Peer 1: 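I'd like to ask some things about the structure below.
Source: prediction; values computed, not measured. Whatever order the structure lists ligands and atoms in, that order sets their numbers, starting from 1.
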Amino acid sequence: MSQQVTIVMYHYVRPLERSRFPTLKALSIERFVRQLDHIVAAYHPVTVEQILESLRSPGYELPPRSILLTFDDGYSDHFQHVFPHLDSRGIQGCFFPPVKAVLHHKVLDVNKIQFTLAAYPDPYALLNDVLSLLDEYRSEYELESVDDYRNRAREVHRYDSATVIAFKRLLQRELPEPVRRDIVNRLFQKYVTLDEAAFASELYMTPEQMSCMIRHGMHFGCHGYSHAWMDQLTTEAQSHEVDQSLGLLEKLGCAGKGWTMCYPYGGYNASLLKMLQDRGCQLGFSVEPRIADLAAENPLTLPRIDTNDLPS
Ligand SMILES: [Zn+2]
């Protein structure tokens with residue numbers, strides 16, 4: 001029997017026009033509330049506990065048109081603008097905060113890139129900034145030619161312009177890790193702020209906010225320590241990411257109760273899945289965009305659709 005569940009993924013939900021970064025790619029609160037109204041009318045929101053029950057007990061059926069809402073990266077948006085709307089409708093949200101962001105007040109590289117783009121909305125100039133910095137790193141790292149990096153900018157993407165894509169790709173994946181981390185920092189300091197800790201405190205949830213959400217029935221799961229592509233890490237580094245993340249759940253008092261993992265950027269591999277299985281992880285969330293069928297799916301690699309792709 002099919003056990004379909006639509007799992008939706010959200011990131012920023014905020015009032016953009018009143019913020020310092022009106023061009024940030026975010027869902028407005030009005031659109032979020034409209035989507036929630038549609039979800040309540042057309043779907044049955046379910047909880048992680050119901051999904052686990054349906055996996056454990058063959059006779060247990062999820063309601064038709066089941067839907068689960070997930071929120072990545074631990075933004076304070078989720079406490080301020082998401083939680084009250086979920087709570088008043090009796091919907092459980094699943095939240096995945098990276099440890100480095102919510103406990104150590106460091107801004108994730110992915111967020112530094114997004115806010116740099118939002119603070120200085122000329123992606124062509126930003127891309128040139130990155131390319132012009134590369135020579136400083138050539139003596140220490142093996143880098144490709146500026147033309148090679150620039151040529152990749154010609155590919156197209158659904159959501160972003162080719163230049164934005166090239167900029168993000170260079171800084172998220174293509175350059176050697178120490179080079180991109182350093183350049184991301186330099187751009188963030190130049191265009192956004194020198195006070196990373198203050199910025200992080202504003203951007204991410206606090207442990208008190210998370211505890212409050214848990215008391216109201218919200219689910220919290222692992223999203224790693226540093227928001228790395230986990231498929232690119234050694235087994236040892238993967239283990240460190242998982243340890244740190246489980247440490248946060250323990251601190252919040254929700255470790256051990258059917259813990260879940262959401263892969264940053266959707267990146268996982270066989271060694272990570274094996275480790276999660278051995279350590280009792282119950283559900284894993286990827287970014288493969290389709291509707292999940294729990295009867296057929298590996299519970300550790302559940303697909304999720306983006307909020308922008310939810311039919312309304
Ligand atoms: Zn994430």
Side-chain angles (χ1 to χ4, degrees), residues 7-14 21 24-27 32 48 68-79 81-83 93-118 157 159-160 164-165 168-169 171-173 177 180-181 184 188 196 199-200 202-205 209-210 213 218-233 237-238 240-242 244-249 252 259-269 272 276 281 283-289 300-309:
I7 307 175
V8 191
M9 160 176 64
Y10 294 86
H11 289 90
Y12 298 108
V13 181
R14 53 171 59 196
F21 301 96
L24 191 73
K25 286 221 170 0
L27 188 65
F32 176 61
V48 162
L68 182 76
L69 307 187
T70 68
F71 301 83
D72 290 14
D73 300 343
Y75 301 123
S76 54
D77 285 7
H78 300 161
F79 178 75
H81 308 304
V82 168
F83 168 50
C94 304
F95 298 87
F96 300 103
V99 177
K100 178 179 164 178
V102 293
L103 291 189
H104 299 161
H105 307 297
K106 300 276 189 212
V107 178
L108 302 177
D109 283 2
V110 62
N111 298 144
K112 286 183 178 169
I113 295 169
Q114 290 158 344
F115 280 99
T116 298
L117 280 162
H157 186 269
Y159 297 122
D160 291 322
V164 171
I165 276 297
K168 284 187 177 171
R169 242 198 231 168
L171 295 180
Q172 285 181 353
R173 239 191 139 124
E177 205 268 338
R180 55 186 152 91
R181 196 187 333 130
V184 164
F188 183 73
E196 178 173 351
F199 194 87
E202 231 179 274
L203 183 58
Y204 306 112
M205 289 191 261
Q209 291 171 337
M210 294 188 271
M213 292 164 77
M218 301 294 140
H219 174 86
F220 276 76
C222 295
H223 201 37
Y225 174 77
S226 61
H227 205 272
W229 294 80
M230 293 189 74
D231 52 330
Q232 300 194 352
L233 301 180
Q238 286 177 342
H240 173 76
E241 294 274 336
V242 173
Q244 292 281 325
S245 221
L246 280 174
L248 171 65
L249 295 193
L252 295 172
W259 69 276
T260 61
M261 175 85 203
C262 171
Y263 310 106
Y265 311 103
Y268 61 83
N269 60 11
L272 179 61
L276 293 178
C281 178
L283 300 176
F285 297 95
S286 77
V287 296
E288 197 193 328
L300 291 184
T301 59
L302 296 175
R304 293 190 294 170
I305 61 171
D306 189 78
T307 164
N308 292 305
D309 293 328

Peer 1: Strictly under 2.8 Å, is the Zn ion (ligand 1) approached by any N, O or S atom of His227?
Peer 2: yes
Peer 1: Main chain of Ser286, side chain of Arg304: is a donor-acceptor contact present, judged purely on distance under 3.5 Å?
Peer 2: yes
Peer 1: Is it true that Ser226 and Glu241 share a donor-acceptor pair across their side chains at a distance under 3.5 Å?
Peer 2: yes
Peer 1: Distance-only, no hydrogens or angles: does the Asp77 side chain make a donor-acceptor pair with backbone N or O of Val13 under 3.5 Å?
Peer 2: yes
Peer 1: Do any of the N, O or S atoms of His223 sit under 2.8 Å from the Zn ion (ligand 1)?
Peer 2: yes
Peer 1: Please find out if the Zn ion (ligand 1) and some N, O or S atom of Asp73 are separated by less than 2.8 Å.
Peer 2: yes
Peer 1: Could you check whether atom CD of Glu177 has more than 12 heavy atoms from other residues, nucleotides or ligands sitting under 6.0 Å from it?
Peer 2: yes
